[in-house]
Peer 1: 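Quick one: the structure is below, and I'll ask about it shortly.
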Number of protein chains: 2
Amino acid sequence: MSERNGERAMGNLADRIERYLKEILEQAEEGYVVLQRGYLAEFFSCAPSQINYVLTTRFTAERGYKVESRRGGGGYLRIIRLGLDPDGKFQRLMAELIGDELTENRANNLIDRLAEEELFTKREAILFKSIFADRIFADCTSLCNQLRARMMKELLANMCRDDLEE
Amino acid sequence: MSERNGERAMGNLADRIERYLKEILEQAEEGYVVLQRGYLAEFFSCAPSQINYVLTTRFTAERGYKVESRRGGGGYLRIIRLGLDPDGKFQRLMAELIGDELTENRANNLIDRLAEEELFTKREAILFKSIFADRIFADCTSLCNQLRARMMKELLANMCRDDLEE
DNA sequence: AAAGTAAAGGTCAATAAAGGTCATAAGGTC
DNA sequence: GACCTTATGACCTTTATTGACCTTTACTTT
């Protein structure tokens, strides 16, 4: 039961498919990968719609991905890894993604992404996520998502300060 | 908790579950264990909610633990052992904050102090202070100080995580 | 060119598989 | 008996998985 030996917790299908896709994406020079839904579904012995589930829950804009597709004969899926735009104008993009309300889940996604892009350290990501948790906002549930959105924006705004570096 | 002479009066379920979890946690190299609530409940032949009881009463931040979880298919519990903080500094600060309130000013002072002691980086201090500001909590002024206290406590607890360092 | 067919991917609702919460009962302790 | 801790069960929320049915695109036949 106590399945030790690290990280066997990713036992479910969706997680496995996610991992697989991220792996091959990692290796793709061009920053995207093209494949077929049916083929993938067969590879994982699952319903084709399971692939859509994984794409819509794991490869979202928040997490830094975009998916394009085409139906019909010769159809395909193209999964694209989005970088943060190099001109440092990521705040606008983020502000858009954040909106006026931010759930715990979406906050975690954004923070993880910023960490992947190395705008946050791993340590910062852990600490930020810890204070964005639902538990913290237990009593003001109605405002909770608004508060989180404000906090997140504040963080990003302050990322541009030039007195940040030691 | 009348622990008679050496005899362990740890007869009750909650204590047994606690002991079991701490044992396997002891052996976990990574500093955490992942398991399923349902299995654990079955293992101890008890209601699943009993597991939550044990987790919320025994595996708290003040006692040096943190619990993360995920619902749904492939769900799990992850129990994390927080490292010991040498002088109990964090623990003491946390205790101070429990049930207490924390104004923006006091928060700033505390953060500055922790930065001076090099427990926070300068950058972290700036970022934390930015999201502890009064403006952020504009609408829930009554709760604001309590929220801040909880956030600070959460930060302190997480400062002891073993996986903080890259 | 039009119609028909095959070959993709998309959507949605139902169901399964977890964990969470809360009121309350049952046990201990003083 | 008052009070606190422990334990349970009913009910809830979140996440995953499947299958039936729909839409779009390409190819084939006439």
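In what follows, chains carry the letters A, B, and so on, assigned in the order in which the sequence lines appear, proteins first and then strands, with residues in each chain numbered from 1.
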Peer 1: Can you tell me how far CD of A:Glu62 sits from CG of A:Asn105, rounded to the nearest 0.5 angstrom?
Peer 2: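 Nearest 0.5 Å value for the CG-CD distance: 8.5 Å.
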Peer 1: So, A:Tyr65 versus A:Tyr32, ring centres under 6.0 angstrom or not?
Peer 2: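 No - the distance between ring centres of A:Tyr65 and A:Tyr32 does not fall below the 6.0 Å cut-off.
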Peer 1: State whether B:Arg161 and B:Glu68 are salt-bridged, where the test is any N-O pair (Lys NZ or Arg NE/NH1/NH2 against Asp/Glu carboxylate O) under 4.0 Å.
Peer 2: yes
Peer 1: Would you call A:Lys22 and A:Glu26 a salt bridge, using N to O less than 4.0 angstrom?
Peer 2: no
Peer 1: Return the nearest nucleotide to the side chain of B:Asn12; candidates are D:dT6, C:dG20, D:dA16.
Peer 2: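 So the nucleotide nearest the side chain must be D:dT6.
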Peer 1: Under 4.0 Å: is that the gap between some side-chain N or O of B:Arg70 and OP1 or OP2 of D:dA16?
Peer 2: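 Yes, B:Arg70 has a side-chain N/O under 4.0 Å of OP1/OP2 on D:dA16.
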Peer 1: Would you mind telling me which of C:dG20, C:dG9, D:dG19 lies closest to the side-chain atoms of B:Arg37?
Peer 2: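 Nearest nucleotide to the side chain: C:dG20.
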Peer 1: Could a donor-acceptor pair under 3.5 angstrom be found where the side chain of B:Arg71 meets the base of D:dT13?
Peer 2: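 Answer yes: a donor N or O sits under 3.5 Å from an acceptor.
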Peer 1: What's A:Gly73 touching, base or sugar-phosphate or nothing? Going by heavy atoms closer than 4.0 Å.
Peer 2: base
Peer 1: Can you tell me how far C1' of D:dT24 sits from CG of A:Leu77, to the nearest Å?
Peer 2: 14 Å
Peer 1: List the atom pairs, with distances to 0.1 Å, where a side-chain N or O of residues 36-46 of chain A and a protein N or O form a donor-acceptor pair under 3.5 Å, not counting sequence neighbours.
Peer 2:
residue: A:Gln36; atom: NE2; partner: A:Gly75; partner atom: O; Å: 2.9
residue: A:Arg37; atom: NH1; partner: A:Asn52; partner atom: OD1; Å: 2.7

Peer 1: So if I take residues 48-58 of chain A and measure heavy-atom distances to DNA chain D, which residues fall below 4.0 Å?
Peer 2: A:Ser49, A:Gln50, A:Tyr53, A:Arg58
Peer 1: Nearest whole Å is fine: how far is D:dA16 P from A:Ile17 CD1?
Peer 2: 11 Å
Peer 1: Among C:dG9, D:dA16, D:dG19, which is the nearest nucleotide to the side chain of A:Gln36?
Peer 2: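 From the listed options, C:dG9 comes nearest.
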Peer 1: Distance check needed: C:dG10 P versus A:Leu40 CG, whole Å only.
Peer 2: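 In whole Å, C:dG10 P and A:Leu40 CG are 12 Å from each other.
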Peer 1: Output the rounded distance in Å from CZ (A:Arg106) to P (D:dT14).
Peer 2: 15 Å
Peer 1: Please determine whether a side-chain nitrogen of the Lys or Arg among A:Asp100 and A:Arg148 lies less than 4.0 Å from a carboxylate oxygen of the Asp or Glu.
Peer 2: no
Peer 1: Rounded to whole Å, please give me the gap between CD in B:Glu68 and C1' in D:dT14.
Peer 2: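 Going from B:Glu68 (CD) to D:dT14 (C1'), I get 17 Å.
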Peer 1: Send over the distance from A:Arg19 CZ to D:dA16 P, rounded to a whole Å.
Peer 2: 13 Å
Peer 1: From CG of A:Asn108 over to P of D:dT15, roughly how many Å is that when rounded to an integer?
Peer 2: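 Taking atom P of D:dT15 as the reference, CG of A:Asn108 is at 11 Å.
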Peer 1: Respond yes when some side-chain nitrogen or oxygen of B:Ser69 is under 4.0 Å from OP1 or OP2 of C:dA18, and no when none is.
Peer 2: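 No, B:Ser69 has no side-chain N/O under 4.0 Å of OP1/OP2 on C:dA18.
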Peer 1: Output yes when B:Glu124 and A:Arg123 qualify as a salt bridge under the 4.0 Å nitrogen-oxygen rule, no when they do not.
Peer 2: yes
